[in-house]
Amino acid sequence: MWILESQRSAYVLGVFPEGGLQHLWWGPRLTDPSDYPTPGAHPEHQAGGINAGFVPEEYPAWGGMRFTNPCLKLTYADGGRDLPLGYRDHRITGDALAVALADPYEPYGLSVTLHYQIVWAHDLVVRWAEITNGGTAPLDLEVALSAAWNLPPDRYALWHLHGQWGAETQIEQQVLAVSATVTLESRRGQTSHVANPFFALGAAGRVEEEQGRVWFGALAWSGNWRIAVQSTPAWTQITGGISDFDFRWRLAPGESFHTPPFVGGYANDGLGGASRRLHRYQREEVLPSSGRWQPVLYNSWEATTFHVTPEEQMVLAKRAAALGVELFVVDDGWFGTRDNSHRGLGDWFPSPTKFPQGLGPLIAGVQDLGMDFGLWVEPEMVNPDSDLYRAHPDWILHFPHRTPSQHRNQWVLNFARDDVRAYILEILDGLLTQNPIAFIKWDHNRPFSEPGWPDAPAIHQREVWVRHVLGVYEILDRLRALHPGVIFETCAGGGGRVDLGILARTDQAWASDNTDPFDRLRIQEGFTAAYAPRAMVSWVTRSPTWAHGRHVSLDFRFHVSMAGTLGIGDDIRNWSPEEMRRAAELVALYKEIRPLVQGGDLYRIRSPREGSETALCYVAEDRSAAVVFVYQHHTGPLHPARSIVSVRIPGLDPSAHYRVSAERVRLFGGASLHDRPVSGSALAEVGLCVEGLDADYASAIVQLHRI
Ligand code: DGJ
């Protein structure tokens with residue numbers, strides 16, 4: 001029996017008397033370790049044994065009398081498909097446990113090592129599995145998930161993230177019906193806009209933003225994935241990993257298959273507590289660390305779309321520099337014959353007509369203005385009308401005798417192929433070596449279709465789903481190693497590829513093409529349910545946006561974007577002197593509060609899904625300072641206090657006193673806080689009244705400093 005304790009939670013597993021691996025406990029850490037459940041003592045087990053499938057297992061393989069979702073299903077060379085895994089041995093290294101299971105029929109030589117890594121400070125366990133063929137014949141994996149998580153019987157609610165292009169990461173909640181399975185998944189070759197590999201569960205009706213017991217998890221995989229939540233009368237099981245849809249993996253003798261990590265956690269302080277644990281973990285252990293805050297960027301996509309010229313980019317760059325922007329990014333349209341979405345993708349050299357002297361003069365001009373230079377690429381794609389496709393028509397995903405579907409006039413390059421990866425790595429490495437480029441936005445504008453790999457032996461062709469993703473990871477890892485200073489941004493037609501796998505290799509993510517600030521509040525709420533605000537890039541663009549006719553003030557637009565990594569994406573050539581002046585002030589304010597937004601703990605005080613206001617607070621890890629964002633979306637019916645929003649501020653040190661920066665702020669029903677320090681407990685219990693929010697889309701930022 002192993003007890004994996006973290007600061008406030010525990011995860012316990014043990015060997016069944018029959019030999020398999022039993023799940024025993026996941027939840028709060030108990031004072032006395034002898035109180036954790038022990039192997040074989042589960043009432044269902046005593047009634048029926050593990051083979052009746054009534055007792056939660058750590059990594060159920062399909063076989064015997066098991067009917068819940070398996071983590072592992074395979075076919076041996078002799079057609080055998082039954083898999084009774086038994087305990088073999090284990091290894092403990094620091095905070096990591098590895099438990100090896102094996103098929104008892106030794107000639108098959110099949111072993112599965114389950115890995116558990118405790119993240120002590122944040123109550124997380126990172127799990128993955130390593131499946132090894134130690135026999136003499138090949139075998140085929142048909143399901144090979146990362147982990148099964150088990151919860152005690154209860155009536156659970158499930159929180160997850162769904163969406164579509166332009167409306168990513170929408171929080172959805174549903175109560176789970178007993179004996180039903182809810183499947184969250186992507187079969188699109190990318191993480192997807194429609195669902196995101198994150199879940200949170202808690203007893204229905206007993207979980208709130210800052211209260212209640214929550215079990216949660218996030219999968220580190222950027223291709224097809226599946227998380228299935230299955231409620232049985234005896235327990236609730238969550239299985240997750242690479243999707244088994246159209247999956248088959250030939251495992252030759254001596255080979256191993258490594259599943260992606262699946263991070264799970266337990267929080268006793270609600271959905272907000274779950275998010276903060278994931279955020280801290282990402283800040284400390286997942287996101288690459290440059291040792292700097294993410295820069296304020298300008299991206300010229302919405303200003304110039306495909307019509308990129310060095311002259312106009314320099315006009316924009318001068319305006320951006322005047323605003324205090326630190327990174328100037330040229331998006332799509334700088335390369336090959338890319339004048340529109342129909343051509344040029346794949347030809348990653350500066351357009352000879354737009355940049356006859358290469359990128360050098362523009363980069364130098366941007367750097368002379370005191371900014372870094374960044375560039376957009378979409379390396380996994382080609383247009384049919386491109387030199388690359390004409391030279392290598394066999395490099396795209398396709399099936400024999402079929403014309404693959406185009407989407408945005410493009411096809412997907414097959415990154416499972418060694419020659420494709422070698423070519424793309426050489427091209428991107430060359431681009432970064434020859435030019436002082438500080439930032440790459442890596443886009444991916446279509447899902448997979450017709451995922452054929454006709455040149456591979458038939459038995460390996462379905463591996464393309466997984467090998468493509470591993471290929472993307474390999475290239476990003478190689479580029480990061482070769483060019484350690486470069487910042488990478490993940491983008492997939494907006495937020496179609498945001499997950500812990502890609503975020504281990506990219507510093508930030510483009511959350512959505514929809515920059516309408518009110519829509520963004522919801523998108524950002526869902527994004528931060530699972531992912532750190534530091535990773536969430538948010539641009540200020542024109543108002544109204546293409547998405548709505550909604551007119552929103554410059555301040556509100558900035559305030560929404562300042563709740564993540566701030567960017568500007570509007571055509572700033574059109575901004576009036578007053579807009580330029582105010583924007584420069586807001587950029588300067590963002591730089592002041594950036595350590596809190598990018599490095600602090602987020603409390604979602606009021607949700608944009610409920611009521612007419614949203615409020616957020618970011619608190620320094622040492623609670624020495626905080627910044628509060630208050631957004632009024634719709635002023636209510638006329639009453640005297642209609643222009644006031646009151647918010648209680650959690651997360652501060654209750655016994656410390658804080659100085660409040662804004663002038664039009666008072667304690668609820670009490671004194672003005674201008675020049676009057678206020679205790680953390682009063683801020684948490686009485687709360688602030690922010691005055692003057694007397695119009696739709698009015699907003700305020702309040703800074704708090706401990707004295
Ligand atoms: C989709 C991205 O989400 C946009 O920001 C932009 O980069 C376009 N692609 C360019 O084609």
Side-chain angles (χ1 to χ4, degrees), residues 163-169 188-194 196 222 294 297-308 313 316 320 327-348 351 354 373-383 385-386 406-413 428 437 439-447 487-499 502 506-517 519-520 523-524 527 535-542 545-547 561 564-572:
Q164 59 181 47
W165 174 74
E168 295 86 338
T169 52
R188 295 163 184 251
Q190 54 177 191
T191 322
S192 95
H193 303 76
V194 295
N196 189 275
S222 313
Q294 300 310 112
L297 66 82
Y298 176 80
N299 181 302
S300 60
W301 169 244
E302 294 207 6
T304 53
T305 63
F306 298 103
H307 312 295
V308 176
Q313 296 301 307
L316 288 161
L327 168 68
F328 183 86
V329 183
V330 174
D331 208 279
D332 202 345
W334 59 270
F335 52 91
T337 54
R338 185 76 165 171
D339 294 329
N340 53 52
S341 68
H342 289 264
R343 47 184 207 250
L345 267 186
D347 301 337
W348 302 112
S351 156
K354 297 173 184 172
F373 180 84
L375 204 59
W376 177 96
V377 291
E378 192 177 7
E380 295 152 84
M381 304 288 164
V382 278
N383 285 126
D385 185 356
S386 65
Q406 289 183 34
H407 180 74
R408 210 189 190 217
N409 315 304
Q410 62 197 55
W411 287 318
V412 184
L413 283 178
L428 295 180
I437 293 170
F439 170 96
I440 289 284
K441 173 176 172 182
W442 182 306
D443 206 346
H444 181 275
N445 274 297
R446 59 157 293 170
I487 298 172
F488 286 83
E489 179 175 296
T490 175
C491 171
R497 188 154 64 185
V498 183
D499 59 80
I502 203 79
T506 51
D507 308 71
Q508 56 189 45
W510 178 228
S512 180
D513 282 342
N514 185 349
T515 52
D516 173 85
D519 286 357
R520 269 280 171 158
I523 293 168
Q524 296 185 177
F527 187 105
M536 181 176 73
V537 182
S538 190
W539 301 346
V540 175
T541 62
R542 71 188 59 113
T545 62
W546 56 266
S561 294
T565 282
L566 174 64
I568 299 172
D570 198 2
D571 188 348
I572 49 178

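Both counts, for ligands and for their atoms, begin at 1 and track the order of listing.
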Of His342, Arg343, Glu378, the residue whose pairing with Gln410 passes side-chain hydrogen bond (donor to acceptor under 3.5 Å, both in side chains) = Glu378

Identify, with sequence neighbours excluded, every residue that meets side chain to side chain donor-acceptor pair (under 3.5 Å) alongside Asn514.
-> Asp519

Is the side chain of Glu168 donor-acceptor paired with the backbone N or O of Gly495 at a distance under 3.5 Å, no angle test?
-> yes

With Arg520 as the cation and Trp510 as the aromatic partner, state whether NZ or CZ is under 6.0 Å from the six-membered ring centre and within 45° of the axis.
-> yes

What residues come within 4.0 Å of ligand 1, counting heavy atoms only?
-> Trp301, Asp331, Asp332, Trp376, Arg408, Lys441, Asp443, Asn445, Cys491, Gly493, Gly494, Trp510, Asp513, Trp539

Could you pull out all residues at least two apart from Phe373 that satisfy ring-ring contact (aromatic ring centres under 6.0 Å, His included)?
-> none

Side chain to side chain donor-acceptor pair (under 3.5 Å) partners of Gln313, counting only residues at least two apart = Ser300, Thr304

